[in-house]
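Chain naming here is simple, since letters A, B, ... match the order of the sequence lines and numbering starts at 1 in each. Just so we're clear, the structure is a prediction, and the values are computed from it rather than from any experiment.
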Number of protein chains: 2
Amino acid sequence: MLSDVMEDYLKAIYTLQTEDGDPVATSAIAEYLDVTPPTVTSMVEKLEERELVEREKYKGVELTPEGETVALEVLRHHRLLEAYLNEHLDYAWSEVHDEADRLEHHISEEFERRVAEALGDPEVDPHGDPIPNADLAPIEDDDTTPLSDHGEGETVVVARVSDRDDEELRYLSEAGVAPGTRLEVVDVAPFGMVTVRIRGGEAAPDDRREQSLPESVAASIRVRSGDSETATPESGVGGA
Amino acid sequence: MLSDVMEDYLKAIYTLQTEDGDPVATSAIAEYLDVTPPTVTSMVEKLEERELVEREKYKGVELTPEGETVALEVLRHHRLLEAYLNEHLDYAWSEVHDEADRLEHHISEEFERRVAEALGDPEVDPHGDPIPNADLAPIEDDDTTPLSDHGEGETVVVARVSDRDDEELRYLSEAGVAPGTRLEVVDVAPFGMVTVRIRGGEAAPDDRREQSLPESVAASIRVRSGDSETATPESGVGGA
DNA sequence: GGGTCGTATTAGGCTCGTCTAAAGTATAAA
DNA sequence: TTTATACTTTAGACGAGCCTAATACGACCC
């Protein structure tokens, strides 16, 4: 009963809400979905009628619990598909996003179940993003921090990388930075440029053992302390 | 550039053209797609503008070569998906159609390639329908005949069963009639009711070795002579 | 050749999701 | 307190794909 488009709006609002905090601006949604702000306003009104979002005019919008459930369903589809494409169809880590976007609205419950089973009910997708469980329980905050928050000498383990930008993804993949990779911060230069030494994880070519990352990239990499041994279970760091 | 809906019309026209011969009636398309005849008329006009069909008003419509190519592309997606779901995701033979219908418009060229590769470039889907090749060359007429054309004592091998009706499909699956099954016609009763003895193929329960099929069902089963050993390569007769 | 009947097309209208242009609101600066 | 600026919403239009009701066509029968 809910159109693909409505699901896309809910997914977008969920994502923006998770990234930037609570009331989400019309213009942010518009930019995310590549439509104009008036289009967003009118869509948001329809979502409000269906009680999927709450909204205060001129202020912003946030998901109701029902809206969040719908968003989690779409996200579950998306991330299961990413994992499946990576693991069973040989897609590279950096290629799965677009295909999953195409398919996420069109799979049945049955398909979802069988894919989850084929994967052994994974908890994270190849980017390290958590996969909502079958009951669509809200995802609790994790204990990760942006790489850009860390200083020289610290050792961390990559938990997730953003799947938003294809080019960035290929760049990181090239550089050998993936979920599970252990990094030591060797330098933080002006403007936030971070240089890291890559240790373990996928074998990186010798000349890539050190890597400088622009602030924007470092900010989108979420890491956990490298001392603890509670690293995310090796989860789809394959493919190239 | 072509909408999903347009692709559906082209696929429908292709199918009807293949089943019932050349100029396809507006009402036939309407019934197939479950829309009203005026809707078909207006859609057909748009397809004509794009030179995907040729049409003579009040007469009927047929595909141009370009239109046929589009239909074959969709059909290739559909049948590869059916085969993949059956072989790699454990779907029963009789369950794959709807899921493939949902997905066929939404997969990329890349996905098509990888699925075809994972399957080893199969030539038929689990129903026995031929899968258009990657170049989308027109499918030439095969040498099959409807089971209902055969008389008592003849032995035949099932080449394809129609994937149009879910209930029929489950019935045949139950009965042990699938592509590759060898049948002996033991009786043809009034009104075309055909009784067959099932030999070989999937093991049928003992009490199901003989099976009576209504004329409409017998007409939708395409068979080859059972004497020749040119049986279709064992192709997805799995699942239940 | 003129009805009759089934099928096809035309006419006109609806919803959905989008747009542009115009008007309104909130906020921060002067 | 007033004004400038950025953002949001309102107003109005459009194409796609569908519908119903009305009209046109064609084929077959007498």
Can you check whether Val115(B) reaches His77(B) side chain to side chain, under 4.5 Å on heavy atoms? no
In whole angstroms, the gap separating C1' of dG15(D) from CG of Leu2(B) amounts to 16 Å
Looking at Glu110(A), I'd like to know if its CD atom is crowded, meaning that more than 12 non-hydrogen atoms belonging to other residues, nucleotides or ligands lie closer than 6.0 Å. yes
Between Glu51(B) and Thr64(B), is there a side-chain donor-acceptor contact under 3.5 Å, judged purely by atom types and distance? no
dC18(D) phosphate, OP1 or OP2: any side-chain N/O from Tyr9(B) under 4.0 angstrom? yes
Hey, which of these two, Pro37(A) or Lys59(A), hits DNA chain C nearer its 5' end, going by closest nucleotide? Pro37(A)
Using a 4.0 Å heavy-atom cut-off, does Glu56(A) contact any base of the nucleic acid, only the sugar-phosphate backbone, or nothing at all? nothing
Is the phosphate of dT8(D) approached by Ser27(A) (side-chain N or O, under 4.0 Å from OP1 or OP2)? yes
Contact boundaries of DNA chain C with chain B (under 4.0 Å, heavy atoms), 5' to 3'? dA8(C) to dT10(C)
Classify Thr26(A) by what it touches in the nucleic acid, base, sugar-phosphate, or nothing, heavy-atom distance under 4.0 Å. sugar-phosphate
Please step through side chain to side chain donor-acceptor pair (under 3.5 Å) for the pair Ser162(A) and Glu168(A), ending with a clear verdict. CA-CA 9 Å; Ser162(A) 162; Glu168(A) 182 180 314; 5.0 Å; no
Nearest-Å distance for atom pair NE2/C1', residues His105(B) and dG17(D): 14 Å
Whole-Å distance separating the CD atom of Glu31(A) from the P atom of dA6(D): 16 Å
Has the side chain of Ser173(A) got a donor or acceptor atom that lies under 3.5 Å from a matching backbone atom of Leu169(A)? no
Can you work out whether Tyr58(A) or Lys57(B) has the more 5'-proximal nearest nucleotide on DNA chain C? Lys57(B)
Whole angstrom is fine here: how far is it from CG in Asp4(B) over to P in dC18(D)? 11 Å
Say whether, by atom type as modelled, one donor and one acceptor occur between the side chain of Arg114(B) and the main chain of Asp90(A) under 3.5 angstrom. yes
Starting at atom CZ of Arg55(A), determine the distance to atom C1' of dC7(D), rounded to an integer number of angstrom. 14 Å
Reckon Ser42(B) has a side-chain N or O less than 4.0 Å from the OP1 or OP2 of dC18(D)? no
OP1 or OP2 of dT8(D) less than 4.0 angstrom from a side-chain nitrogen or oxygen of Thr41(A), does that happen here? no
His105(B) and Asp8(B): side-chain donor and acceptor closer than 3.5 Å? yes
To the nearest Å, give me how far apart CE (Met1(B)) and C1' (dG15(D)) are. 17 Å
